[in-house]
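Here is the structure we will look at.
All values below were derived from every heavy atom in this structure, side-chain atoms included, with hydrogens, water molecules and symmetry-related copies excluded.
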Amino acid sequence: ATTMTLFFWTQEGDLKASERALFPTLVSLTAKETVKIWDQVSLDIQWQSAASKNVRIVGLGTFAVVRQELHVGGNDCLLVQRPVFQLSNVVRKILNLTYAKSIIPDSTPVVPLDYATIALETTNPLDAVENCLNETVRYLSHSISNGLNIDFVFQNMSILCIKQKKVKMRFYEKFLLSLDAKGNFKEVLINVSLTVLA
């Protein structure tokens, strides 16, 4: 049977000896330190998204902001800027995940996470930050391959939900509204039923 879990941060006692060697940085950091690093990742993605840049997390996927016309009843349409997440094709295929593909325009620049700023803001060495992120992504894949359902939280931004091999990114309403300078998204939320988190 599969187990539902809010993604937890592995500690030494959670892993078999053979697994500990795969995640040395996660084992050495406290849960609080790991969460602090990922909270800073969320901030970096939010800053880059506000600057209309796509952000790639290696081994996981790409966050982007796209313009889209949404119908709000009758023949009325509103142009909105909204976030999307594109799961890595490699991850999708290896883990046999089902995911509704989002089209991210090639015209928008894709940038990596700003590891140096994340390290500075969390007072961790650069290599510890890079290793923490890489190992977390590997641990997430490890958990999914073992049949776990995952809710992975990006602070103040979204939740990556993986349930029975089906993947969905659910964005928080406040984050959606922060990206829409014209206020059109608020109108859409009033008139259209969307899956967002309050």
Side-chain angles (χ1 to χ4, degrees), residues 6-7 32-72 76-89 91-92 99-124 126 128-130 132-134 136-137 140 150-162 167-198:
L6 184 62
F7 191 72
K32 187 176 180 178
E33 290 169 324
T34 304
V35 169
K36 187 175 180 181
I37 289 169
W38 276 97
D39 286 351
Q40 194 62 43
V41 166
S42 297
L43 278 175
D44 184 56
I45 295 168
Q46 290 171 61
W47 292 331
Q48 300 292 357
S49 296
S52 298
K53 293 180 182 173
N54 300 343
V55 183
R56 178 173 293 128
I57 299 177
V58 175
L60 188 61
T62 302
F63 287 89
V65 177
V66 297
R67 290 177 185 246
Q68 182 179 4
E69 278 189 358
L70 294 178
H71 296 278
V72 289
D76 294 334
C77 288
L78 289 174
L79 184 64
V80 297
Q81 286 195 171
R82 70 178 192 92
V84 295
F85 175 77
Q86 181 60 57
L87 184 69
S88 161
N89 266 339
V91 171
R92 183 183 58 78
Y99 187 73
K101 185 172 182 169
S102 300
I103 303 300
I104 298 175
D106 293 333
S107 59
T108 310
V110 177
V111 297
L113 288 169
D114 185 350
Y115 294 110
T117 299
I118 294 167
L120 182 66
E121 293 293 329
T122 61
T123 65
N124 283 294
L126 183 60
V129 168
E130 290 176 349
C132 172
L133 299 180
N134 292 333
T136 301
V137 171
L140 182 62
I150 304 293
D151 285 340
F152 189 89
V153 177
F154 290 88
Q155 184 188 37
N156 297 325
M157 200 174 88
S158 62
I159 300 176
L160 177 62
C161 304
I162 304 171
V167 180
K168 187 172 203 171
M169 182 66 77
R170 298 183 64 202
F171 292 95
Y172 290 110
E173 182 179 334
K174 187 175 179 180
F175 178 61
L176 293 170
L177 295 174
S178 74
L179 297 173
D180 184 36
K182 294 183 180 182
N184 286 343
F185 215 104
K186 189 169 194 169
E187 180 72 21
V188 171
L189 289 175
I190 292 169
N191 291 299
V192 178
S193 175
L194 295 175
T195 304
V196 296
L197 302 169

By ring-ring contact (aromatic ring centres under 6.0 Å, His included), Phe85 pairs with (sequence neighbours left out) Phe63

All side-chain hydrogen bond (donor to acceptor under 3.5 Å, both in side chains) counterparts of Glu33, not counting sequence neighbours: Thr30

In Å and rounded to the nearest 0.5 Å, what is the CD to CD distance from Gln155 to Gln46? 7.5 Å

side-chain contact (heavy atoms from CB on, under 4.5 Å) partners of Glu130, counting only residues at least two apart: Tyr115, Leu126

When every non-hydrogen atom of Ser88 is compared with those of Gly59, the smallest separation belongs to CB-C, 4.4 Å

Is there side-chain contact between Cys161 and Met169, with at least one heavy-atom pair below 4.5 Å? no

Do the non-hydrogen side-chain atoms of Asp39 and Ile37 ever get within less than 4.5 Å of each other? no

side-chain contact (heavy atoms from CB on, under 4.5 Å) with Ser49: which residues, sequence neighbours excluded? Ile45, Val65, Phe175, Leu179

Rounded to the nearest 0.5 Å, what separation is found between the CZ atom of Phe171 and the OG atom of Ser158? 5.0 Å

Heavy-atom distance under 4.5 Å between the side chains of Ile57 and Leu133, does that happen here? no

Flag side-chain contact, heavy atom, 4.5 Å: Lys168 against Tyr99: no

Looking at residues at least two apart in the chain, or sitting in another chain, which of them share a side-chain hydrogen bond (donor to acceptor under 3.5 Å, both in side chains) with Asn124? Thr122

Check against side chain to side chain contact (heavy atoms under 4.5 Å, CB included), Val111 and Gln48: CA-CA 8 Å; Val111 297; Gln48 300 292 357; 4.0 Å; yes

Please list, chain by chain and in numerical order, all residues satisfying side-chain contact (heavy atoms from CB on, under 4.5 Å) with Val66, sequence neighbours excluded. Arg82, Val84, Pro105

With rounding to the nearest 0.5 Å, note down the distance linking CH2 in Trp38 to OG1 in Thr34. 10.5 Å

Just wondering, do Phe154 and Leu43 contact through their side chains at under 4.5 Å, heavy atoms? no

NZ-OG1 distance between Lys36 and Thr123, expressed to the nearest 0.5 angstrom: 4.5 Å

Determine whether Leu160 and Leu60 make a side-chain contact, defined as any pair of heavy atoms from C-beta on separated by less than 4.5 Å. yes

CD of Glu121 to CG of Asp114, rounded to nearest 0.5 Å, is 9.5 Å

Nearest 0.5 Å please: distance from the CD1 atom of Ile162 over to the CG atom of Leu140. 5.0 Å

